Participant: 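After the structure tokens below, expect a handful of questions from me.
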Amino acid sequence: MSHIHIDVENVSFQYEKGKPILDRISFHGAENDSIGIVGANGVGKSTLLKLLVGLHLNYQGSIQVEAIPVQKETLPRIREKIGYVFQDSDSQLFMSTAYEDIAFAPRNYGLPEEEVEKRVVSALEMTGINHLRDKQIYKMSGGEKKLVSIATILSMMPDIIIMDEPSIALDPKNRRNLIRILNSFEHLKIIASHDLDMILDTCKRTIIMAEGRIVCDGPTEEILSNQQLLEDVGLELPLCMQKRS
Ligand SMILES: Nc1ncnc2c1ncn2[C@@H]1O[C@H](COP(=O)(O)OP(=O)(O)OP(=O)(O)O)[C@@H](O)[C@H]1O
Ligand SMILES: [Mg+2]
């Protein structure tokens, strides 16, 4: 088996006693997988992604990233492997400027400042935000913060990308560029989104969640063209498949 993979086995989780949020979730993500996670508001998509990067550790079952169990002692190693974009950019960005935030991970790896700068410049270039390089984060719009968040994980050059609603707040051109970035990333990526058209353009495989469970896991084109299945879980066909009325 390739070294890049994620294994989730029988994972259940609750924030508060007696209120199960995730219920016996199992799936395997392989090196070349691109997986869309879809489902109505509140079904547990963000919670599942947070568990994969170790933001909540009191889960039942097993989560392994490249055969390393996700637990307190392994978090630094797990976080080097996964580039994770939060649904809420304010939880992601904590330095004062875009440059400092994007430089944070490569600096943390102990790379020489010259290499750090190269990575930051390349991430700014890829996301089309050279003009935001020295702008203070607190003065940025929602879309600008999202683009900086995406750049912070590109500068990491991670094995695995996990993004939670990455197209939220992006204008059509930046959304199109995000799709290009995602499609140029060659390893495992897992993307939770309500933007089913983006999932269709970037993910070969789709997992549908409902009430904390996986109800369907298969080829995106089959799943996202199945109107009945989507309606049963409170979703609709991607816009590109909807007939104009
Ligand atoms: N910190 C928390 N404490 C208690 N309950 C929480 C917490 N975070 C989320 N929840 C609850 O867990 C459930 C799943 O939330 P989650 O954010 O994972 O859903 P989601 O599928 O990502 O929804 P959305 O599509 O709106 O982003 C919701 O009922 C939510 O209220
Ligand atoms: Mg969410």
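Nothing here was measured: the structure is a model prediction, and the numbers come from that model. Remember, it's 1-based here, ligands and their atoms both numbered in the order they're listed.
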Participant: Please could you name the atoms of ligand 1 that E16 approaches to less than 4.0 Å, counting only its heavy atoms?
Facilitator: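 Contacts of ligand 1 toward E16, numbered from 1: 4 (C).
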Participant: At under 4.0 Å between heavy atoms, which part of I21 makes contact with ligand 1: side chain, backbone, both or neither?
Facilitator: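 Within the 4.0 Å criterion, I21 contacts ligand 1 through side-chain atoms alone.
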Participant: Side chain or backbone of H194 under 4.0 Å from ligand 1, or both, or neither, by non-hydrogen atoms?
Facilitator: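 For H194, the contact with ligand 1 is made by the side chain alone.
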Participant: Number the atoms of ligand 1 from 1 as they appear, then name those within less than 4.0 Å of a heavy atom of Q87, with their elements.
Facilitator: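 Reading through ligand 1 atom by atom, the close ones are 27 (O).
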Participant: Would you say the side-chain atoms of Q92 pair up with the backbone N or O of Y84, donor to acceptor, closer than 3.5 Å?
Facilitator: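 Between the backbone of Y84 and the side chain of Q92 there is a qualifying donor-acceptor contact (under 3.5 Å).
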Participant: Any ion pair linking K118 and E114 (charged N to carboxylate O, less than 4.0 Å)?
Facilitator: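 So E114 does not pair with K118 through a salt bridge.
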Participant: Between K19 and E211, does at least one N-O distance fall below 4.0 Å, as a salt bridge requires?
Facilitator: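 Salt bridge absent between K19 and E211.
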Participant: I want to know if ligand 1 touches T47 in the polar sense, i.e. an N/O pair below 3.5 angstrom.
Facilitator: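 Between T47 and ligand 1 (N or O atoms, distance only) the closest approach is under 3.5 Å.
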Participant: Does atom 24 (P) of ligand 1 have a protein non-hydrogen atom under 4.0 Å from it?
Facilitator: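 So atom 24 (P) of ligand 1 has protein heavy-atom neighbours under 4.0 Å.
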Participant: N/O to N/O below 3.5 Å, does that happen between E165 and ligand 1?
Facilitator: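 No.
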Participant: Among S91, S149, S193, S46, exactly one meets side chain to side chain contact (heavy atoms under 4.5 Å, CB included) together with D164. Which residue is that?
Facilitator: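 Single side chain to side chain contact (heavy atoms under 4.5 Å, CB included) partner of D164 among S91, S149, S193, S46: S46.
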Participant: Specify the closest pair of heavy atoms between K146 and P166, including all atoms of both residues, with the distance to one decimal.
Facilitator: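 Residues K146 and P166, closest heavy atoms: CG-O, 3.4 Å.
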Participant: Quick one: does E9's side chain have a donor or acceptor within less than 3.5 Å of a partner on S26's backbone?
Facilitator: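 Side chain of E9 to backbone of S26: no pair is present.
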Participant: Output yes when a protein non-hydrogen atom is found under 4.0 Å of atom 14 (C) of ligand 1, and no otherwise.
Facilitator: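 There is a protein heavy atom less than 4.0 Å from atom 14 (C) of ligand 1.
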Participant: With the threshold set at 4.0 Å, does a side-chain nitrogen-carboxylate oxygen contact exist between E221 and K204?
Facilitator: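 No, this pair does not count.
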Participant: Which of the numbered atoms in ligand 1 are below 4.0 angstrom from a heavy atom of N41?
Facilitator: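 The list of qualifying atoms is 23 (O), 24 (P), 25 (O), 26 (O).
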Participant: Tally of protein N/O/S atoms under 2.8 Å from the Mg ion (ligand 2)?
Facilitator: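 Number of qualifying protein atoms: 2.
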Participant: Hey, is CD on Q71 packed in by over 12 heavy atoms from elsewhere, all under 6.0 Å?
Facilitator: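 Enclosed.
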Participant: For the pair R107 and E115, find out whether any cationic side-chain nitrogen is under 4.0 Å from an anionic carboxylate oxygen.
Facilitator: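 Judged by the 4.0 Å cut-off on N to carboxylate O distance, R107 and E115 do not form a salt bridge.
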Participant: Check for a donor-acceptor pair, side chain of E144 on one end and backbone N or O of S141 on the other, with a separation under 3.5 Å.
Facilitator: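 Confirmed, E144 side chain pairs with S141 backbone.
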Participant: Quick one: nearest non-hydrogen protein atom to atom 17 (O) of ligand 1, plus distance?
Facilitator: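 Sorting protein heavy atoms by distance from atom 17 (O) of ligand 1 puts S46 CB, 3.6 Å first.
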Participant: What's in the same ILVMFWY side-chain cluster as M95, cut-off under 4.5 Å, chained through other members?
Facilitator: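 So far as hydrophobic clustering goes, M95 is joined with F94, F104.
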Participant: How far is atom 10 (N) of ligand 1 from its nearest protein heavy atom, and which residue and atom is that?
Facilitator: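 Scanning the protein heavy atoms, the shortest distance from atom 10 (N) of ligand 1 goes to Y15 CE1, 3.3 Å.
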Participant: So that I can tick it off, tell me whether K189 and D33 are bridged by a salt bridge, with the cut-off set at under 4.0 angstrom between side-chain N and carboxylate O.
Facilitator: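 Not counted as a salt bridge, because no side-chain N and carboxylate O are separated by less than 4.0 Å.
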Participant: Checking the N or O distance criterion of under 3.5 Å, is ligand 1 in contact with G42?
Facilitator: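 It does: an N or O of G42 is found under 3.5 Å from an N or O of ligand 1.
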